[in-house]
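A quick write-up on the structure given underneath.
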Amino acid sequence: MAKEEGVRLDEKQLSLNSFILYFEDAYKTLSLDEVRRNNKEGWKRNSHNAFNVGHTQSAYWIYINLENTSHNRYQKLLEINYSHVDYIDVYEVVADSMISHIRLGDKYPFYQRPIVHHNFLIPLTWLEQENKSLYFRIETKGTMQLPLMLWDKQAFDIYDMDVNIVIGIYYGVLLVVMIYNLLLFFTIKNPTHLYYVLYALSTLVLMLYINGIGFHYLWPDFNLYHEYILLAVLNFAILFMVLFSKHLLKITTKSHPIISRFLMLGLVICGGLFLSAPLVDYNLMLKAHYLAIIIFFLPFVFIGAYRWRQGLLEARYYTISFVVIMTGASIVVLSRVTIIPSSWITDYAFQISSAIEMIFLSFALAERVNREQKKHKKARTIAFKHERLASIAKAEALEDQMRTNELLKEKVKERTLSLEDANYQLHKLSTTDALTGLNNRQSFDQKFDKEIKRNRRTKHYLSILVIDIDLFKQVNDNYGHSVGDTCIKLVAERIAAETRADIDVAARYGGEEFCVLLPEMAMKEAVDFAESIRKSIYSTELSVDAHRLHLSVSIGVAEMLPDSQISQEDLFIQADKALYQSKEGGRNRVTVYQDD
């Protein structure tokens, strides 16, 4: 197999999809050695954003060759951002020798994975100027796709945290509307709210399946029957949506006989699909479910529009919600069958559209509740004119209803406050370094950018310190990472003790490196401040077993003058250069950046 050109392994994020060569093994019989001997014949270049051949009975081999052209050693994470492949065999080949073979896939127990994550992650290491070939053998009953991304570990952690926050917000929205409507069901005993909650619950479980989070946390040992969870959830989603639609749109056999019979047919087909799922080929059943969704969900749009035209106000929200969800589902299905290329939009289209759908369906229920309340109020007004006693009784009922509504509002308010508190905690976690309690790199960069912009307006000084623990690798090597963590926390405490509260910004920038932003502080004061930190750290002893450990730091200082238009990146680079001058000058010192 011909080598690919060397790649920049120092990139924090690198898509490998354009490097993919693939080969179809129609009879599923080829071994790695046989595939490697097949040098050119049958191999094709991937031409999509991500490798995707849709539903197939064949096995596929994927080949990627990546050469480290630098003199650096790299440790990377290879992410397969699609968690529904049954079997993945990953072979790592160096110098014509296989050095590792990893088995992945949702047919294996979850905790067998080399890295515990809802996506497939593979740790890889490149030595200097090392050429590495990766072979993947993939076989699955579902959609055959394999989007590959090569990550720097720290960059992946930041990306994964952002994705988890978005997913958390999505599930938070679903839980809020489910709890709200469940409370309404318990209060007003209307089954429409219960069917809505059960449909939302089916959607939530479906999303847990799609994201791989359900396999991670809820059914990690259900690997042999993992795909049947999808079929069951799709059945329940159709079932509860039919029941919800029937009640929300007031479809009865007497008022709308044809539509009512159509919906009853949907219930019968759901039952048939559910019972036959274990007996029929999975691919056939999956296609049957997709067809059922199209057959029944698409007419819901026209049924909703028909009832809307008849004057049922809640039908407008219902119709809009189904237009949105059908659009999202269509994008996903078209991606799965390779009609449109895979992308971020196709990956999250159904999740985004389902959240919008749930919100609009909740609006429809709210419209119905409001209409019912207005109807009851009008009836009470008419009854008041005819009979005073009946009026008093209805007034009491209204008071009871108002108390119930106030109770519901209080409960919703309590849960909203709880969600806001949870969001605040998530925000705090996303901006704080877990080990030291200082700002993390993302938070520091954001505040740094704000200070640069503020300085340009106010014409003040701005200084920055870049601090690095001297000989920190030796500490880790000699005493272990636990002592290394203690050293990092000690340095962080000394830095925090010296900073001005609510003015300076201190952060752990990565590993043993720290940054301190000093607004409205000129170079002379910044140097004195840096010396104070250096002396404080150097004067502190750390007892390790029978040894006493003295830490020291090297510090680089740079300054933004009042009229300067220097960028955030260039100011940081100046401080970083000064830091390395401190290192080269013997460490344990403060160095001011000087223009050459």
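If you read the sequence from its start, that first residue is 1, and numbering goes on from there. Because the structure is predicted, anything quoted here is derived from the model rather than measured.
Remark: Phe472 CZ is packed, more than 12 non-hydrogen atoms of other residues, nucleotides or ligands lying under 6.0 Å away. Within a 6.0 Å radius of CD in Glu569, no more than 12 heavy atoms belonging to other residues, nucleotides or ligands are found.
Judged by distance alone, with hydrogens and angles left aside, the side-chain atoms of Thr327 form a donor-acceptor pair with the main-chain N or O of Val323 at under 3.5 Å. Of the possible polar contacts, one joining the Asp152 side chain to the Gln154 backbone as a donor-acceptor pair under 3.5 Å is found. Within the 3.5 Å criterion, the main-chain N or O of Met523 finds a donor-acceptor partner in the side chain of Glu559. The main-chain N or O of Asp160 is found under 3.5 Å from a side-chain atom of Asn164 such that the two form a donor-acceptor pair. Side-chain atoms of Ser564 come within 3.5 Å of backbone atoms of Ile566 as a donor-acceptor pair (strictly under, hydrogens ignored). For the pair Asn68 (side chain) and Leu127 (backbone), a donor-acceptor distance under 3.5 Å is present. Under a 3.5 Å cut-off, the side chain of Arg415 and the backbone N or O of Leu175 do not form any donor-acceptor pair. Put simply, the side chain of Ser443 never gets that close to the backbone of Asn440: no donor and acceptor are under 3.5 Å apart. Here the side chain of Thr486 pairs a donor or acceptor atom with the backbone of Ser482 at under 3.5 angstrom. With Arg103 contributing its side chain and Gln112 its backbone, the two residues share no donor-acceptor pair below 3.5 Å.
Minimum heavy-atom separation, Met98 to Tyr91: SD-CD2, 3.2 Å. Heavy-atom minimum distance, Ile469 versus Cys487: CD1-O, 4.5 Å. Contact record, Ser18 with Ser15: OG-O, 4.5 Å, taken as the closest heavy-atom pair. Of all heavy-atom pairs between Leu104 and Pro114, the closest is CD2-CD, 3.5 Å. Pairing each heavy atom of Glu498 with each of Ser532, the nearest pair is OE1-OG, 2.8 Å. The minimum heavy-atom distance between Ile213 and His118, with the atom names listed, is N-CB, 4.0 Å.
At a cut-off of 3.5 Å, with distance as the only test, a side-chain donor of Ser567 or Asp570 sits close to an acceptor on the other residue. Between the side chains of Asn72 and Tyr74, at least one donor-acceptor pair of N or O atoms lies under 3.5 Å. In summary, the side chains of Arg534 and Asn588 do present a donor paired with an acceptor at a separation below 3.5 Å, with no hydrogens or angles considered. For the residue pair Glu79 and Trp151, a side-chain donor N or O sits within less than 3.5 Å of a side-chain acceptor on the partner. In this structure, a donor-acceptor pair under 3.5 Å is present between the side chains of Thr436 and Asp433. Residues Asp89 and His101 have side chains that bring a donor and an acceptor to within less than 3.5 angstrom of each other. For Ser354 and Tyr170, the side-chain atoms include at least one donor-acceptor pair closer than 3.5 Å. A side-chain donor-acceptor contact under 3.5 Å links Thr591 and Ser582.
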So Tyr60 and Phe51, side-chain contact (heavy atoms from CB on, under 4.5 Å) or not? Walk me through it. CA-CA 11 Å; Tyr60 273 79; Phe51 174 76; 3.8 Å; yes
Could you go through the salt bridge (Lys or Arg N to Asp or Glu O under 4.0 Å) check for Asp157 and Lys153 one step at a time? CA-CA 6 Å; Asp157 289 342; Lys153 185 179 184 305; 3.0 Å; yes
Ile533 and Arg494: CA distance, side-chain angles, deciding distance, side-chain contact (heavy atoms from CB on, under 4.5 Å) verdict: CA-CA 7 Å; Ile533 291 175; Arg494 294 295 179 269; 5.6 Å; no
If you apply the rule side-chain contact (heavy atoms from CB on, under 4.5 Å), what do you find for Asn65 with Phe19, and how did you get there? CA-CA 8 Å; Asn65 181 270; Phe19 297 91; over 6 Å; no
One pair to check against side-chain contact (heavy atoms from CB on, under 4.5 Å): Leu490 and Leu542. What are the steps and the verdict? CA-CA 9 Å; Leu490 186 147; Leu542 181 65; 4.3 Å; yes
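Annotation: Phe156 is in aromatic contact with His117 [ring centroid separation under 6.0 Å]. Between Phe215 and His84, a ring centre-to-centre spacing not shorter than 6.0 Å is recorded.
With a 4.5 Å cut-off on side-chain heavy atoms, Arg137 and Ile88 do not count as touching. In this structure, the side chains of Ile122 and Leu77 stay at 4.5 Å or more apart for every pair of heavy atoms. By the 4.5 Å heavy-atom criterion applied to side chains, Leu21 and Trp61 are not counted as neighbours. Within the 4.5 Å cutoff, no side-chain heavy atoms of Tyr159 are placed close to those of Gln13. Taking the side chain as every heavy atom from C-beta outward, Ile80 and Val85 never approach each other to under 4.5 Å. Side-chain atoms of Leu78 and Leu121, non-hydrogen and from C-beta on, never get closer than 4.5 Å to each other. Between Ile359 and Leu361, every side-chain heavy-atom pair lies at or beyond the 4.5 Å cut-off. The side-chain heavy atoms of Asn181 and Ser362, taken from C-beta on, include a pair separated by under 4.5 Å.
Distance check: His550 NE2 to Thr540 OG1 gives 9.5 Å after rounding to the nearest 0.5 Å. Distance check, rounded to the nearest 0.5 Å: NZ of Lys577 to CD of Glu584 gives 12.0 Å. The line from CD1 of Ile495 to CD1 of Ile537 is 5.0 Å long, rounded to the nearest 0.5 Å. Of the inter-residue distances, the one linking Leu471 atom CG with Leu551 atom CG reads 10.0 Å to the nearest 0.5 angstrom. Rounded to the nearest 0.5 angstrom, Tyr22 OH and Ile64 CD1 are separated by 13.5 Å. With values rounded to the nearest 0.5 angstrom, Asn17 atom CG is found 10.0 Å from Gln145 atom CD.
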Output side-chain donor-acceptor pairs under 3.5 Å for residues 512-522, partner residues at least two apart or in another chain, one line each.
residue: Glu520; atom: OE2; partner: His460; partner atom: NE2; Å: 3.4

Let me have the donor-acceptor pairs involving side chains of residues 445-453, under 3.5 Å, with sequence neighbours excluded, atom names and distances please.
residue: Asp445; atom: OD1; partner: Tyr509; partner atom: OH; Å: 3.2
residue: Lys447; atom: NZ; partner: Asn439; partner atom: OD1; Å: 2.8
residue: Asp449; atom: OD2; partner: Lys453; partner atom: NZ; Å: 3.1
residue: Glu451; atom: OE1; partner: Arg454; partner atom: NE; Å: 3.2
residue: Glu451; atom: OE1; partner: Arg454; partner atom: NH2; Å: 3.0

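Relative ring orientation between Phe363 and Tyr317 is described as perpendicular, the plane-to-plane angle rising above 60° on a 0-90° scale split at 30° and 60°.
A side-chain hydrogen bond (donor to acceptor under 3.5 Å, both in side chains) check over residues 461-480, counting only residues at least two apart or in different chains, returns the pairs Asp468-Lys583, Asp470-Ser552, Asp470-Ser554, Asp470-Lys583, Lys473-Asp477.
With Trp126 as the aromatic partner, Lys132 meets the cation-pi criteria of under 6.0 angstrom to the ring centre and within 45 degrees of the ring axis.
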